[in-house]
There are 2 protein chains.
Amino acid sequence: MKKGQVTIRDIALKLKISISTVSRALRDSPEIKLETRKKVLAMAEKLNYTPNVVAQSLRVNKTKTLGIVVPQLASHFFASNISGIQDTAYSRGYNVMICQSNESFDQEKSDIRTLISSRVDGLLISLSRETSSYEHLDNLIEREIPFVLFDRIHEGLPVSTVTVDDSLGAYKVTKHLIGQGCRRIAFMSGPEEMYISKKRMAGYEKALDEYGMKVQNDLVKHSDLTENCTQILTQELLDLEEMPDAIFAINDPVAIDVMKFLKSRGLKIPADVALVGFTNMPISDALEPSLTTVDQPAYEMGKLAANNLLDQLMNPEDFEPQAIVLDTELIVRKSSQK
Amino acid sequence: MKKGQVTIRDIALKLKISISTVSRALRDSPEIKLETRKKVLAMAEKLNYTPNVVAQSLRVNKTKTLGIVVPQLASHFFASNISGIQDTAYSRGYNVMICQSNESFDQEKSDIRTLISSRVDGLLISLSRETSSYEHLDNLIEREIPFVLFDRIHEGLPVSTVTVDDSLGAYKVTKHLIGQGCRRIAFMSGPEEMYISKKRMAGYEKALDEYGMKVQNDLVKHSDLTENCTQILTQELLDLEEMPDAIFAINDPVAIDVMKFLKSRGLKIPADVALVGFTNMPISDALEPSLTTVDQPAYEMGKLAANNLLDQLMNPEDFEPQAIVLDTELIVRKSSQK
DNA sequence: CTGTTAGCGCATTCAA
DNA sequence: TTGAATGCGCTAACAG
């Protein structure tokens, strides 16, 4: 009894009843005498019994666990996604296992393998910045392992996706900047293949189009999202014959890197260069100047993704993949008001 | 074969050998003919076999999984801790399951229960701000479930702990502020019972003492770490007959809340009030003014905690609990330079 | 209402 | 070197 955890067998032995009766009592089976149930529950309590989920999982071939793969944890956006997922999962009786790809494609594949080994019932995945081939996802589909993509998604797969309207968000940003009188609006994007890069680029382009402006290639940069790379590319923008009068950064962390760099070069924001981000991190209004950005409901995205996946797990037959698209809100602050 | 995942039984059937042979071949048992092993490995590859970790866990009564409980995920500090833990765990063949208590004592207890149910091999815990009784930890000790406490710890338990020298960190801060000429240094602390509150308070007190100053109760506030509470308490500080000339916040997030509030009241930092945080979040130098703070090696803490726990798991007999204390570094920036 | 039995996938003891 | 048998803890028929 000292060694290892208490099992239903221990309870049965103590009570001199069968283990199946104990099992039933514990699971509130309707066909159990109230008295017996009470005895069992009392003894379970007394012995400090905790059900062995591993055994349960093996038995029913379900782990009641969801696997999560995100590019990184130390990002407020993904941490909020995860919170939303977790809260939803818990309230519906599921646990989660979290992996981070560290923005590496290989790590992402390895994470998925690990989670599959652990027999998670389903996966919630946000792709790494490096991911531009998708066999590992096809493989999941082949193996009929349910998963949902969120934020950093890939289109064209028969799976549910949860995103914000990235294109519209970028459109709002660009239009706003044009409205502020900006005419040379740079876009500090992410890796070309990344979903959000493409979508936000599309919105940027659309807004420029509408105002009869054309995308200028030297104003579009593709950062790998590291501070170092962003700095170098920002310098390139400053070195242009005609400097941009605004920079739209693909997300707030990149915007912050740009902001730091511009300040270090003695440039005034927004006077010299207006700046806009995307995500609305909680500190973005504590910056100086406060950062104009696009609010992205990260927690909500997590909830929706998790609920969708869980619905799928509950009801595999009549499940239809959905492309859930959330609205964004442009938050105008000082960094973009000329 | 379509239904469910491939098992060693499937491999055995295909190869017309016994499942124990397959099992052995897969585990590189020395007593297996090379030829047989090759055949098995090839077939496993071909069938896309993934070992069922759940079954393995049940069999060997080990899950190779560590449980993590943190107050919140959407905090750069804890996210970094977790990264350190994860990297270490993975490199030593372990997975992790993460729970957040959302700073709730009840949730913390429930998280631990959940992780125990999942039969994690050990736990890494950082206590919630509400936690001021420790039976749930005693219970773990009774049940001989190994765990390590980090950052938000409780002393006096026969378990390893990983912290920074909170007291010394706070001492450095306070001394620095005194050196800047501050004489009314307020301490915006956290909940009284919280470990870091007590330790940082001690350092604050020690520095004041050394300079012949006494702790003034009206200059010490205990925030519950929410923005709202911090704002109210900051207002109280401003309402004092004699306003403080410096505020030392228990951590960077609280410092940022204070900063926002001071700015909203038109106060100049550091001219009117100097401000210092603790943690060194990556954005703290992008704030205006850049925030003086204490660098806390979060990733490193995670690594040390995980390594300690894993050592314990490998070698349960001759394991001695350790109190690992890391150094901190005061990062002086503009918010405190009068 | 309760007990008996079988089996989830795997590792391992004992035989051969 | 391999196979047969056992059991990890639990749930779910099937029988009473």
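Throughout, a chain's letter reflects where its sequence line sits, starting with A, and its residues are numbered from 1.
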- Item | Helix axis bend for the helix from C:dC1-D:dG16 to C:dA16-D:dT1 - C1'-based end axes, five pairs, 10° rounding | 50°
- Could you state the atom-to-atom distance from CZ of B:Arg9 to C1' of D:dA4 in whole Å? 14 Å
- Nearest listed nucleotide, side chain of A:Ser18, among D:dT1, D:dG7, C:dG3: C:dG3
- Query: Touch check for A:Thr7, heavy atoms < 4.0 angstrom, all strands: base, sugar-phosphate only, or nothing?
  - Reply: sugar-phosphate
- Query: Please give, in whole Å, the distance from C:dG7 P to B:Ile19 CD1?
  - Reply: 13 Å
- Among all residues two or more places apart in sequence or in another chain, which pass the ring-ring contact (aromatic ring centres under 6.0 Å, His included) test with B:Phe319? none
- Task: Calculate the interatomic distance between B:Leu13 atom CG and C:dC10 atom C1'; express it in whole Å.
- Result: 16 Å
- Would you say the side chains of B:Asn95 and B:Thr65 form a donor-acceptor pair under 3.5 Å? no
- Message: Rounding to an integer number of Å, can you tell me how far A:Lys33 NZ sits from C:dG3 P?
- Response: 10 Å
- Message: Considering only residues two or more places apart or on different chains, which pairs with a residue in residues 71-88 of chain A satisfy salt bridge (Lys or Arg N to Asp or Glu O under 4.0 Å)?
- Response: none
- Please name all residues satisfying ring-ring contact (aromatic ring centres under 6.0 Å, His included) with B:His76, sequence neighbours left out, ordered by chain then number. none
- Item | Length of the NZ-C1' vector between B:Lys16 and D:dG3, whole Å | 16 Å
- Task: For residues 49-75 of chain A, pull every pair meeting salt bridge (Lys or Arg N to Asp or Glu O under 4.0 Å), keeping only residues two or more places apart or in separate chains.
- Result: none
- Note on the structure: salt bridge (Lys or Arg N to Asp or Glu O under 4.0 Å) pairs touching residues 37-50 of chain A, sequence neighbours excluded, are A:Asp28-A:Arg37
- Query: Is any side-chain nitrogen or oxygen of A:Thr21 closer than 4.0 Å to OP1 or OP2 of C:dG3?
  - Reply: yes
- Task: Show your working on salt bridge (charged side-chain N to carboxylate O under 4.0 Å, His left out) between A:Arg113 and A:Glu108 and close with a plain yes or no.
- Result: CA-CA 9 Å; A:Arg113 255 200 307 276; A:Glu108 176 176 301; over 6 Å; no
- Rounded to the nearest angstrom, tell me the gap between atom CG in B:Leu34 and atom P in D:dT1. 10 Å
- If a pair satisfies ring-ring contact (aromatic ring centres under 6.0 Å, His included) and one of its residues is in residues 91-117 of chain B, list it, with sequence neighbours excluded. B:Phe105-B:His136
- Task: Please list all pairs passing the ring-ring contact (aromatic ring centres under 6.0 Å, His included) test where one or both residues lie in residues 10-41 of chain A, with sequence neighbours left out.
- Result: none
Close N/O contacts between protein and nucleotides 13-16 of chain C (under 3.5 Å):
residue: C:dT13; atom: O4; partner: B:Arg24; partner atom: NH1; Å: 3.3

- Query: Can you find a side-chain donor-acceptor pair between B:Gln100 and A:Ser83 that sits under 3.5 Å?
  - Reply: yes
- Message: If you take any heavy atom closer than 4.0 Å to DNA chain C, which residues from residues 48-58 of chain A end up in contact?
- Response: A:Leu58
- Nearest-Å distance, CG (A:Leu26) to P (D:dT11)? 8 Å
- Could I get the full list of ring-ring contact (aromatic ring centres under 6.0 Å, His included) partners for A:His154, not counting sequence neighbours? A:Tyr134
- Only counting residues at least two apart or in another chain, list the ones meeting salt bridge (charged side-chain N to carboxylate O under 4.0 Å, His left out) with B:Arg92. B:Asp311
- Rounded to whole angstrom units, what separation is found between the CD1 atom of B:Ile8 and the C1' atom of D:dA4? 14 Å
- Message: Given C:dC1, D:dT2, D:dT11, identify the nucleotide with an atom nearest to the side chain of A:Thr36.
- Response: C:dC1
- Per A:Arg59 side chain, nearest of listed nucleotides C:dG3, C:dC1, D:dC10: D:dC10
